[in-house]
Amino acid sequence: MAASIELSLNNLPSDPLLLILSFLDFRDLISSSFVSRRLNELSSHNPLWKGLCLKHWLLTESDKMQRVRTWKELFKEFYADLGRYIDHYGTLKRAWDDLKRYLEQRCPRMIASLKEGAKEEELDGIEAQIGCKLPNDYRCSYRIHNGQKLVVPGLMGSMALSNHYRSEDLLDIETAAGGFQQRKGMRQCLPLTFCFHTGLSQYMALEGTEGRSRCEIFYHCPDQMAQDPSAIDMFITGSSFTEWFTSYVHNVVTGEYPIIRDQIFRYIHDKQCVATTGDITVSVSTSFLPELSSVHPPHFFFTYRIRIEMAKNALPENACQLDSRYWKITNANGNVEEVRGPGVVGEFPVMTPGKVHEYASCTTFSTTSEYMEGQYTFHRLKNKEEIFDVCIPRFHMVCPPFRESMVRSQGSARDVSSSSFNEDNSSDTDDYDEGEFRGINMAAPGGRCPRHI
C-alpha cells in the first residue's frame with residue numbers, strides 16, 4: 001500500500017498559492033501573512049502589491065522607479081497618507097486624470113485654474129471651523145485638487161442665452177467654508193460651486209436635516225409662494241459627491257457635453273434625437289436651467305440646441321433656404337399646443353453641401369415634462385417654387401428630481417393646488433436670439449430670461 005503523503009502549505013507549489021492570494025484585498029493579504037511562515041513569504045510577493053497599487057492608488061512603473069521602493073513599500077507609503085480614502089481614491093483620481101487629459105488641449109485655461117490638493121490638517125481645520133464632518137469622498141477629491149481659482153469659464157459647466165449667462169466654478173475648501181449655511185432652511189449645507197453672474201451654487205448637505213439626506217447635492221430654489229423665507233425647494237443633482245462628480249466627468253470626456261468657445265456647455269444629447277430628410281439632418285440637445293426655474297410656482301425653464309446639417313455629398317442644385325418652422329408641443333397631461341413662425345431666431349439660414357447651422361432657443365412649461373417635435377419648411381434656391389419639409393425629431397424635456405421644503409410639507413407655507421403643475425403653459429421661443437451663437441459678450445452679467453418671447 002502506497003505511503004500516504006501529508007498535505008501542508010509547505011508542500012504546495014507557489015504558483016497556485018500566489019494565484020489564490022491574488023484574489024485577496026490588501027486587508028486579507030496582510031492577515032494571511034500571520035498564518036504561517038510560508039504565507040508570510042508569499043504575501044510579500046511583489047506582483048501582488050503591484051496589482052493593489054494600481055487598483056487603489058493608480059501607480060505605474062514610472063511612479064515606482066521615481067520613488068525607488070518595492071511595490072509593498074509603495075502601497076504602505078500611500079496608505080499612511082491616504083488610507084482613510086482607499087475606498088474612494090482610485091475612482092476619483094481616475095476621474096480627475098481623465099478630465100485633465102481631455103481638457104488640456106480643449107480648455108487649457110480651466111486646467112491652469114486648478115489648485116493643488118489640500119493637506120489633511122487643512123481639511124481637519126475646516127471641519128473644526130464649520131462644526132461638521134466632511135464626507136470622506138469629498139475630502140478625498142480635495143486632497144487631489146483643492147477646487148479651482150475663481151475664474152470664468154468655470155470647470156463645472158456653462159450656459160449662455162442672449163441676456164443670461166451662467167458658469168460654475170468648483171470652489172476651493174476655504175471659499176466653500178466661508179459660504180457654509182446655518183440659516184433655517186439651509187442648515188449644514190456647504191456650497192460646492194459658484195457662479196459670479198447669477199450667484200447660483202450647488203450645495204451639499206453635510207447632515208440629514210430639514211428633509212435632506214446626508215451628502216445629497218442640489219440647487220436651492222426658494223418657494224416664491226410661501227410667506228416663510230426658510231421654505232426652500234431643491235432640484236437634486238446628486239446623491240453623493242462621487243456620483244455627482246464622476247457622472248459630470250463622464251459627460252464631459254465622452255463628448256456628451258459639448259465644448260464651445262473653450263467652455264463646457266451642459267447640453268444633453270439623446271442619440272435618438274436625430275432625423276434625416278433627404279440631404280438634411282437635424283439633431284437636438286437640451287438643458288435644464290435651475291436658476292430660471294421654480295417648483296412653487298411650477299415654472300420649468302429649458303434651453304434646446306439644434307444642429308441643421310446638409311450632407312457633404314449633396315448635389316449643389318439641392319442648396320436650399322429655411323423659410324419657417326412648425327412646432328407641436330405636448331405636455332405631461334397630453335395637451336397639445338401648435339406654433340408656427342418665420343425662420344429661426346430671426347434668421348433664414350441657407351444650406352449648401354457640407355453647411356452646418358446651429359442655434360439655441362428656450363421654452364418654459366408648468367408641468368414636470370413635455371416633448372416637442374415639428375418640421376422646417378425650405379425652398380430650393382434654384383427653384384423657389386420647390387418647397388419641402390424637413391423633420392425635427394421628437395425630443396423630451398424632463399424636470400430633474402426635486403423635493404419640496406419641509407416648511408411646505410408641514411403646512412406652514414401657503415398651499416398650492418397640485419393642478420398648478422398641470423396647467424397648459426408652454427411656449428416655443430424660436431424667435432429668441434440666443435447669444436452664444438450670435439457672438440455676444442458671454443461674460444457680461446445677465447438678467448432673468450423672459451418667459452415668452
Side-chain angles (χ1 to χ4, degrees), residues 158-165 255 257-263 265 267-287 302-329 337-363 371-395 397 427-442 444 449-450 452-453:
S158 301
M159 186 54 60
L161 298 172
S162 64
N163 64 344
H164 180 83
Y165 178 71
Y257 290 162
I259 293 178
I260 306 169
R261 297 181 182 175
D262 299 326
Q263 301 187 65
F265 276 74
Y267 281 105
I268 292 292
H269 173 61
D270 183 344
K271 292 179 174 55
Q272 295 183 343
C273 289
V274 179
T276 300
T277 306
D279 298 320
I280 297 179
T281 297
V282 178
S283 59
V284 187
S285 303
T286 64
S287 183
F302 274 83
T303 179
Y304 53 90
R305 178 171 173 251
I306 294 186
R307 176 185 173 95
I308 307 171
E309 181 175 7
M310 191 171 207
K312 293 180 181 178
N313 59 358
L315 299 174
E317 54 265 33
N318 286 344
C320 54
Q321 184 172 22
L322 190 152
D323 293 322
S324 62
R325 69 187 186 278
Y326 161 77
W327 286 115
K328 180 181 177 182
I329 306 168
E337 177 185 2
E338 296 184 88
V339 179
R340 299 179 186 273
V344 289
V345 293
E347 292 192 345
F348 301 86
V350 172
M351 304 304 297
T352 55
K355 173 77 177 292
V356 173
H357 181 81
E358 293 182 302
Y359 75 94
S361 191
C362 54
T363 184
Y371 62 84
M372 295 173 61
E373 57 195 328
Q375 62 191 36
Y376 297 121
T377 299
F378 285 81
H379 72 264
R380 299 288 182 197
L381 295 183
K382 193 173 182 180
N383 178 11
K384 292 186 177 181
E385 301 300 318
E386 185 181 348
I387 297 173
F388 62 98
D389 294 328
V390 169
C391 176
I392 305 172
R394 176 181 294 186
F395 57 98
M397 290 169 285
S427 177
D428 154 54
T429 55
D430 270 8
D431 292 323
Y432 191 65
D433 187 7
E434 199 285 309
E436 194 277 321
F437 295 99
R438 308 262 61 81
I440 66 165
N441 177 11
M442 299 199 311
C449 286
H452 294 286
I453 305 299

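Values in this document were obtained by computation on a predicted structure and should not be read as measured data.
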Are more than 12 heavy atoms, taken from residues, nucleotides or ligands other than K355, located less than 6.0 Å from that residue's NZ atom? yes
Measure across [X] and [Y] and return the closest heavy-atom pair with its distance rounded to 0.1 Å.
{"X": "V345", "Y": "A360", "answer": "CG1-O, 3.7 Å"}
{"X": "Q375", "Y": "D389", "answer": "NE2-OD2, 3.2 Å"}
{"X": "C273", "Y": "R394", "answer": "SG-O, 3.4 Å"}
{"X": "F348", "Y": "D323", "answer": "CE2-O, 3.3 Å"}
{"X": "F265", "Y": "A160", "answer": "CE2-N, 3.6 Å"}
{"X": "H379", "Y": "I387", "answer": "CB-CG1, 4.2 Å"}

Which is it for I308 and L322 under the side-chain contact (heavy atoms from CB on, under 4.5 Å) test, yes or no, and what are the steps along the way? CA-CA 10 Å; I308 307 171; L322 190 152; 4.1 Å; yes
Kindly say whether V284 contributes a backbone atom to a donor-acceptor pair with the side chain of H269 at under 3.5 angstrom? yes
So, does R325 use its side chain to make a donor-acceptor pair with the main chain of G343 at under 3.5 Å? yes
Considering the options V350, D279, I280, which one meets the side chain to side chain contact (heavy atoms under 4.5 Å, CB included) requirement together with C320? I280
If you measure from [atom1] on [X] to [atom2] on [Y], what distance do you get to the nearest 0.5 Å?
{"X": "E337", "Y": "I329", "atom1": "CD", "atom2": "CD1", "answer": "4.5 Å"}
{"X": "S287", "Y": "I268", "atom1": "OG", "atom2": "CD1", "answer": "7.5 Å"}
{"X": "S361", "Y": "M372", "atom1": "OG", "atom2": "CE", "answer": "7.5 Å"}
{"X": "N318", "Y": "M351", "atom1": "CG", "atom2": "CE", "answer": "12.5 Å"}
{"X": "I392", "Y": "T277", "atom1": "CD1", "atom2": "OG1", "answer": "9.5 Å"}
{"X": "I306", "Y": "T286", "atom1": "CD1", "atom2": "OG1", "answer": "11.0 Å"}

Consider side-chain hydrogen bond (donor to acceptor under 3.5 Å, both in side chains). Of E385, E386, E317, Q321, which one does R380 pass it with? E386
Angle between ring planes, Y304 versus F395, binned at 30° and 60°: parallel, tilted or perpendicular? tilted
Would you say the side chain of T303 lies within less than 4.5 Å of the side chain of Y267, judging by non-hydrogen atoms? yes
Taking the side chain as every heavy atom from C-beta outward, state whether V390 and F378 have any pair of such atoms under 4.5 Å apart. yes
